[in-house]
Novice: 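Before I ask anything, here is the structure I am working with.
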Number of protein chains: 2
Amino acid sequence: MSTAEETADGQTSAWGEVTPDAARRLLVAAVEAFAERGYHATTTRDIAGRAGMSPAALYIHYKTKEELLHRISRIGHAKALEILRVAARGEGTATERLADAVSSFVRWHAGGRTTARVVQYELDSLGPDARAEILALRRQCDAEVRAIIEDGVASGEFDVLDVKGTTLAVLSLCIDVARWFSLDGPWTPDEVGALYADLVLRMVGVG
Amino acid sequence: MSTAEETADGQTSAWGEVTPDAARRLLVAAVEAFAERGYHATTTRDIAGRAGMSPAALYIHYKTKEELLHRISRIGHAKALEILRVAARGEGTATERLADAVSSFVRWHAGGRTTARVVQYELDSLGPDARAEILALRRQCDAEVRAIIEDGVASGEFDVLDVKGTTLAVLSLCIDVARWFSLDGPWTPDEVGALYADLVLRMVGVG
DNA sequence: CAGCAGGCTAAGCGCTCGCTCACCTTCAAC
DNA sequence: GTTGAAGGTGAGCGAGCGCTTAGCCTGCTG
């Protein structure tokens with residue numbers, strides 16, 4: 001195995017920042033377990049077992065099971081925000097930037113749906129403080145998409161009745177990909193990304 | 001209290017078919033608890049407590065905690081399917097029927113989001129047999145929406161590149177309403193229904 | 001009134017959970 | 001070669017879980 005690790009669903013992980021090695025293995029194991037069964041149905045024994053360690057080893061690197069979820073959520077949301085930022089603040093027309101944002105955001109949710117599922121659906125299992133921190137990142141994601149749509153409306157590219165509602169719908173559509181997407185299904189992440197970019201452009205009145 | 005019961009989020013329930021009274025109270029309590037905390041984080045003691053009964057009372061009316069989820073899922077999916085059927089098989093053009101289907105489906109997810117959340121997001125907590133039964137209902141929901149879209153394509157009302165993918169996206173958009181909608185937010189269920197019907201018509205190229 | 005079936009509870013069983021603790025190994029520093 | 005920090009284990013604690021059981025009310029039947 002090289003230094004670039006692979007998760008079960010083939011996504012090149014962004015967990016490189018997590019050290020030491022044992023802590024990263026535990027984190028990756030937790031992502032897979034949480035995605036499969038949900039946070040509450042996952043036991044610390046299961047996580048440690050997947051990482052090839054004893055149950056007690058988990059507590060050398062993490063204070064609680066919830067800290068694992070918190071770390072996963074923060075890193076995952078940071079990655080999602082980065083993807084949207086790059087697209088939103090890139091060059092090109094609002095149309096091009098929106099298509100870019102949607103297709104790359106959807107590709108991330110489809111290709112890394114193990115991570116995305118945890119990040120998007122296990123939020124409520126966090127305590128109030130951690131939850132508030134993550135919700136702040138989420139609001140920033142919303143702001144990036146809204147900025148593109150507002151640009152498009154201002155330039156006359158888009159025809160949108162309700163900017164806030166449309167922004168929410170676009171993000172909602174992308175996020176829900178993590179719920180239904182499967183690599184066994186008929187589409188690749190790239191294909192869903194392209195399809196969704198087209199659908200979203202129609203939603204904002206392009207074409 | 002009248003015979004028409006109200007859940008915490010103000011939805012007039014469709015639980016009238018559940019008898020006797022104690023069994024219905026337990027079911028409504030379970031819906032609320034599952035929606036708030038998720039199936040695995042909900043205890044049978046919590047459900048019984050919300051229904052004003054002792055923990056043991058639950059097992060007079062239901063064999064297991066999972067049977068509660070199963071019953072909720074089946075009744076909820078049947079209701080969702082009925083909503084789509086009425087819209088899909090009503091009179092009018094494909095455009096009118098699609099708008100009707102989306103707005104009423106979204107209204108159900110928003111107004112009864114307590115129920116909808118359980119129905120749409122706790123499916124994986126069911127055992128294989130129950131899960132398969134519910135997935136069959138879900139496929140019927142998909143078929144109803146797809147039929148409308150195919151009608152619209154055939155009549156020339158719609159311009160759709162990928163009927164299967166667009167059907168999935170439409171349903172996905174509607175379902176995700178249950179995740180984010182809140183009565184404390186800026187919209188009523190009716191408003192979201194109208195907004196989403198407009199967005200979906202744009203997705204299928206009605207313009 | 002006695003008999004009894006259905007609905008309910010208090011108590012608690014067996015189990016697994018998140019988490020801890022006493023102890024062991026490895027290895028770099030001196 | 002000794003030491004001490006870092007990383008790991010096996011055993012197990014207290015708590016809470018889903019679920020059961022013995023027995024108690026209540027109201028209908030004869």
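Here is the naming used below: chain letters follow the sequence lines, and residue numbers restart at 1 for every chain. Basis for what follows: all heavy atoms, side chains included, without hydrogens, waters or symmetry-related copies.
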Novice: Scan side-chain atoms only and decide if B:E133 and B:H70 contain a donor-acceptor pair under the 3.5 Å cut-off.
Specialist: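 Side-chain D/A pair, B:E133 to B:H70: present.
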Novice: Working note: B:R117 + B:E36, criterion salt bridge (Lys or Arg N to Asp or Glu O under 4.0 Å); need CA distance, chi angles, decisive distance, verdict.
Specialist: CA-CA 9 Å; B:R117 223 175 254 195; B:E36 263 177 45; over 6 Å; no
Novice: Please state how far atom OH in B:Y59 lies from atom C1' in C:dA10, giving the value in whole angstrom units.
Specialist: 16 Å
Novice: Counting N and O atoms only, with roles assigned by atom type, does the side chain of B:E122 sit under 3.5 Å from a partner on the main chain of B:Y39, one being a donor and the other an acceptor?
Specialist: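 Checked: pair present.
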Novice: Give the rounded distance in Å between these two atoms: CG of B:L58 and P of C:dC8.
Specialist: 11 Å
Novice: Could you check A:T42 against B:R45 and say which one's nearest nucleotide on DNA chain C is further toward the 5' end?
Specialist: B:R45
Novice: Rounded off to whole Å, could you give me the CD1-to-C1' distance for the B:I60 and D:dT26 pair?
Specialist: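 Taking CD1 of B:I60 and C1' of D:dT26, I get 14 Å after rounding.
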Novice: Within the structure, does a side-chain N or O atom of A:S54 lie under 4.0 Å from either OP1 or OP2 of D:dG10?
Specialist: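 Answer is no, no contact under 4.0 Å.
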Novice: When the ring planes of B:F105 and B:H109 are compared, do they come out parallel, tilted or perpendicular, using 30° and 60° as the limits?
Specialist: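 Plane angle over 60°, so perpendicular.
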Novice: In whole Å, I'd like the distance from the CD atom of A:E66 to the P atom of C:dC17.
Specialist: 19 Å
Novice: Between A:R138 and A:Q120, do the side chains contain a donor N or O and an acceptor N or O under 3.5 Å apart?
Specialist: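 Yes, A:R138 and A:Q120 have a side-chain donor paired with an acceptor closer than 3.5 Å.
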Novice: Can you tell me the distance, in whole Å, between the CE atom of A:M53 and the C1' atom of D:dG10?
Specialist: 15 Å
Novice: Quick check for you: among D:dG18, D:dT9, C:dC8, whose closest atom lies nearest to any side-chain atom of A:A57?
Specialist: D:dT9
Novice: Looking at D:dG8, I'd like to know if its phosphate oxygens (OP1 or OP2) sit under 4.0 Å from a side-chain N or O belonging to A:H61.
Specialist: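 For D:dG8, OP1/OP2 do have a side-chain N/O of A:H61 under 4.0 Å.
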Novice: Over how many whole Å does the gap from B:F34 atom CZ to D:dG18 atom C1' extend?
Specialist: 12 Å
Novice: Rounded to the nearest Å, what distance is computed from the CG atom of residue A:D46 to the C1' atom of nucleotide C:dC19?
Specialist: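 Answer to the nearest Å: 16 Å.
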Novice: Need to verify one output field. Residue with the more 5' nearest nucleotide on DNA chain C, B:A56 or B:P20?
Specialist: B:P20
Novice: What is the distance from NE2 of B:H40 to C1' of C:dT16, rounded to the nearest Å?
Specialist: 14 Å
Novice: Looking across every strand, which nucleic acid part, if any, lies under 4.0 Å from B:T43 by heavy atom: base, sugar-phosphate, or nothing?
Specialist: sugar-phosphate
